[in-house]
Amino acid sequence: MAEGKKALIGMTTAELRKLCQDMGMPAYTGGQIASWIYQRHVKSIDEMTNLSKQNRERLAAEYCVGVMEPLDCQRSKDGTIKYLFPVRCSNVATSPTAPGMFVETVFIPDQDRGTICVSCQVGCKMNCLFCQTGKQGFEGNLTTADILNQVYSLPERNRLTNIVFMGQGEPMDNLDNVLRATQILTAPDGYAWSPKRITVSSVGVRTKLKRFLDESLCHIAISMHSPIHEQRRQLMPAEQAMPIADVVALLRQYDFTHQRRCSFEYICFGGLNDTPLHAREIVKLVEGLECRVNLIRFHPIPGVNLPGADEKRMESLRDYLTAHGVFTTIRASRGQDIFAACGLLTTARQHQEPY
């Protein structure tokens, strides 16, 4: 991205119209710019050929599209690709990241599906025991432009069918920019995606989760990992501020019987949270709530002494939950050999290196 210039990516059509008016251009020019960005994916203002040369020059004096290509990629033997993106945008941000930081983004191909796992923060404040991103600590919020650029500049963009906010960071901890990104992704004059193609994850952040549920129609995925308060608190410090029982109580106030989906992510630790007791407590916790549970294999990280569950125990847990009315799947582990699987993303080292 051009130094000292503001990014157009991340602005809504209404904001682009106002920008044009403020710069002495017709308001409809903002709609033209939105079309060039979100539908035609141009990389420079000069490509916006239905704008007059004078208006393009006026715009380019202060702004750029904001495209930032990935700096590196790693390819897994299973086809998963992990990209390293710079994050240097500074517009429409309440807490912009400093120059020279990076996030990891994962593209997961699966037959006729293509899923991108986007990041929303550099590092994370939640400090979940089992998560490498949490060990990095929190270093900054991504702007809306930073978030959208991961989609915009993905080489496989045309293969995408789904977006999950399950990369680095806690989406509810950067809610303004996450909401703006999802609004642009689903707006008719933006990417025009259906909300049911987007899933946003959360550990459960008081007030922020309610606001997301009120203002967005995207799917929600809650990181549960244990239905028992004291154990979940040891795994996830966020349990202290918003217990999983309170999260479920909040979810019960919303309708998930139609297109919008509620799911729970559940990393299985052998002998710790995959026992018959845990199975019974999960059923009791979510009774009557339209939801699903995704069981996830634990991927070991340095300095954390947690055991992974074996396949039979995960299958037993799945079968018990399903038999008791909780639709449950075992999620396939993807990209573990390149540290792209669940809980393994980190840029603690890369952001300190000169690129």
Side-chain angles (χ1 to χ4, degrees), residues 1-2 4-20 22 30-31 33-43 45 59 62-70 83 85-99 101-105 116-124 138-154 157 160 163-193 195 197-202 205 208 211-212 214-218:
M1 192 176 87
K5 293 187 178 181
K6 301 175 185 177
L8 296 173
I9 296 176
M11 292 188 179
T12 65
T13 300
E15 289 169 339
L16 289 168
R17 289 196 180 106
K18 184 177 186 306
L19 168 67
C20 289
D22 290 345
I33 294 171
S35 176
W36 282 111
I37 294 173
Y38 299 123
Q39 294 167 21
R40 304 192 195 186
H41 297 100
V42 297
K43 295 184 178 181
I45 290 172
L59 193 63
E62 298 182 37
Y63 292 87
C64 62
V65 173
V67 174
M68 294 188 292
E69 302 292 341
Y83 290 100
F85 277 100
V87 285
R88 295 179 185 141
C89 298
S90 60
N91 65 313
V92 295
T94 56
S95 179
T97 55
M101 291 190 176
F102 305 87
V103 291
E104 292 183 324
T105 305
I116 182 174
C117 181
V118 301
S119 294
C120 64
Q121 293 181 314
V122 180
C124 184
F138 175 71
E139 299 188 46
N141 283 327
L142 269 62
T143 64
T144 308
D146 290 322
I147 295 170
L148 291 178
N149 182 67
Q150 296 169 71
V151 177
Y152 200 95
S153 298
L154 187 79
R157 184 187 63 233
L160 289 179
I163 297 176
V164 295
F165 282 73
M166 298 181 182
Q168 292 178 248
E170 163 58 49
M172 301 303 135
D173 197 38
N174 187 16
L175 185 56
D176 286 342
N177 288 314
V178 168
L179 279 175
R180 286 176 60 86
T182 58
Q183 288 163 0
I184 291 170
L185 286 166
T186 57
D189 51 6
Y191 276 82
W193 277 42
R197 296 172 63 185
I198 303 172
T199 301
V200 178
S201 69
S202 179
V205 177
K208 299 292 185 68
R211 182 182 160 204
F212 172 80
D214 288 339
E215 296 184 21
S216 173
L217 293 176
C218 296

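- Of the inter-residue distances, the one linking Asn174 atom CG with Arg180 atom CZ reads 11.5 Å to the nearest 0.5 angstrom.
- Two residues are said to be in side-chain contact when any heavy atoms from C-beta on lie closer than 4.5 Å; Leu148 and Leu185 meet this criterion.
- Scanning both residues, Tyr38 and Met11, for their nearest heavy atoms gives OH-O, 2.8 Å.
- Considering all non-hydrogen atoms of both residues, Pro171 and Val178 come closest at O-CG2, 3.6 Å.
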Derivation and outcome, side chain to side chain contact (heavy atoms under 4.5 Å, CB included), residues Leu175 and Val205: CA-CA 10 Å; Leu175 185 56; Val205 177; over 6 Å; no

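- Annotation: side-chain contact (heavy atoms from CB on, under 4.5 Å) contacts of Cys124 (sequence neighbours excluded): Gln121, Met126, Thr133, Glu170.
- Going from atom NZ of Lys6 over to atom CG of Leu19 covers 8.5 Å, rounded to the nearest 0.5 Å.
- Checked against ring-ring contact (aromatic ring centres under 6.0 Å, His included), Tyr152 has the following partners two or more places apart in sequence or in another chain: His41.
- Contact annotation: the side chain of Thr186 never approaches that of Arg197 to less than 4.5 Å [non-hydrogen atoms, C-beta and beyond].
- Side-chain atoms of Val122 and Val87, non-hydrogen and from C-beta on, do get closer than 4.5 Å to each other.
- Residues Ile9 and Val67 share a closest heavy-atom pair of CD1-N, 4.1 Å.
- No donor-acceptor distance shorter than 3.5 angstrom exists from the side chain of Glu104 to the backbone of Gln168, with no hydrogens or angles considered.
- With sequence neighbours excluded, no residue forms a salt bridge (charged side-chain N to carboxylate O under 4.0 Å, His left out) with Arg157.
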Side chain to side chain contact (heavy atoms under 4.5 Å, CB included) between Asp146 and Val103, worked out: CA-CA 9 Å; Asp146 290 322; Val103 291; over 6 Å; no

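- With sequence neighbours left out, the side chain to side chain donor-acceptor pair (under 3.5 Å) criterion links Ser119 to no other residue.
- Listed for the Asn149 side chain is a donor-acceptor partner under 3.5 Å among the backbone atoms of Met68.
- Closest approach of Gly30 to Cys20, counting heavy atoms only: N-SG, 3.5 Å.
- Here the side chains of Leu8 and Leu59 are in contact, with some heavy-atom distance below 4.5 Å.
- Thr144 places no side-chain N or O within donor-acceptor distance of the main-chain N or O of Ala181, the cut-off being under 3.5 Å.
- With sequence neighbours excluded, the residues forming a side-chain contact (heavy atoms from CB on, under 4.5 Å) with Gln39 are Ser35, listed by chain and number.
- Residues satisfying the ring-ring contact (aromatic ring centres under 6.0 Å, His included) criterion with Phe212, sequence neighbours excluded, are absent altogether.
- With sequence neighbours excluded, the residues forming a side-chain contact (heavy atoms from CB on, under 4.5 Å) with Glu62 are Met23, listed by chain and number.
- How far CE of Met172 is from OG of Ser201: 7.5 Å, rounded to the nearest 0.5 Å.
- Taking the side-chain contact (heavy atoms from CB on, under 4.5 Å) definition, one finds that Asp22 meets it with Lys18, sequence neighbours left out.
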Test side chain to side chain contact (heavy atoms under 4.5 Å, CB included) applied to Phe165 and Ile198, step by step: CA-CA 8 Å; Phe165 282 73; Ile198 303 172; 3.9 Å; yes

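- Here Trp36 pairs with Asn50 under the side chain to side chain donor-acceptor pair (under 3.5 Å) rule; sequence neighbours left out.
- A distance-only check finds a donor-acceptor pair linking the side chain of Thr182 to the backbone of Leu179 [under 3.5 Å].
- Rounding to the nearest 0.5 Å gives a distance of 5.5 Å between CD1 of Ile33 and CG of Leu16.
- Atom OG of Ser216 sits about 7.5 Å away from atom CD of Gln183, to the nearest 0.5 Å.
- In this structure Glu69 satisfies the side chain to side chain donor-acceptor pair (under 3.5 Å) test together with Lys43, sequence neighbours excluded.
- Remark: the Asn177 side chain and the Thr143 side chain contain no N/O donor-acceptor pair separated by less than 3.5 Å.
- The CD atom of Gln150 sits 3.5 Å away from the OG1 atom of Thr105 when rounded to the nearest 0.5 Å.
- Checked against side chain to side chain donor-acceptor pair (under 3.5 Å), Thr13 has the following partners two or more places apart in sequence or in another chain: Asp189.
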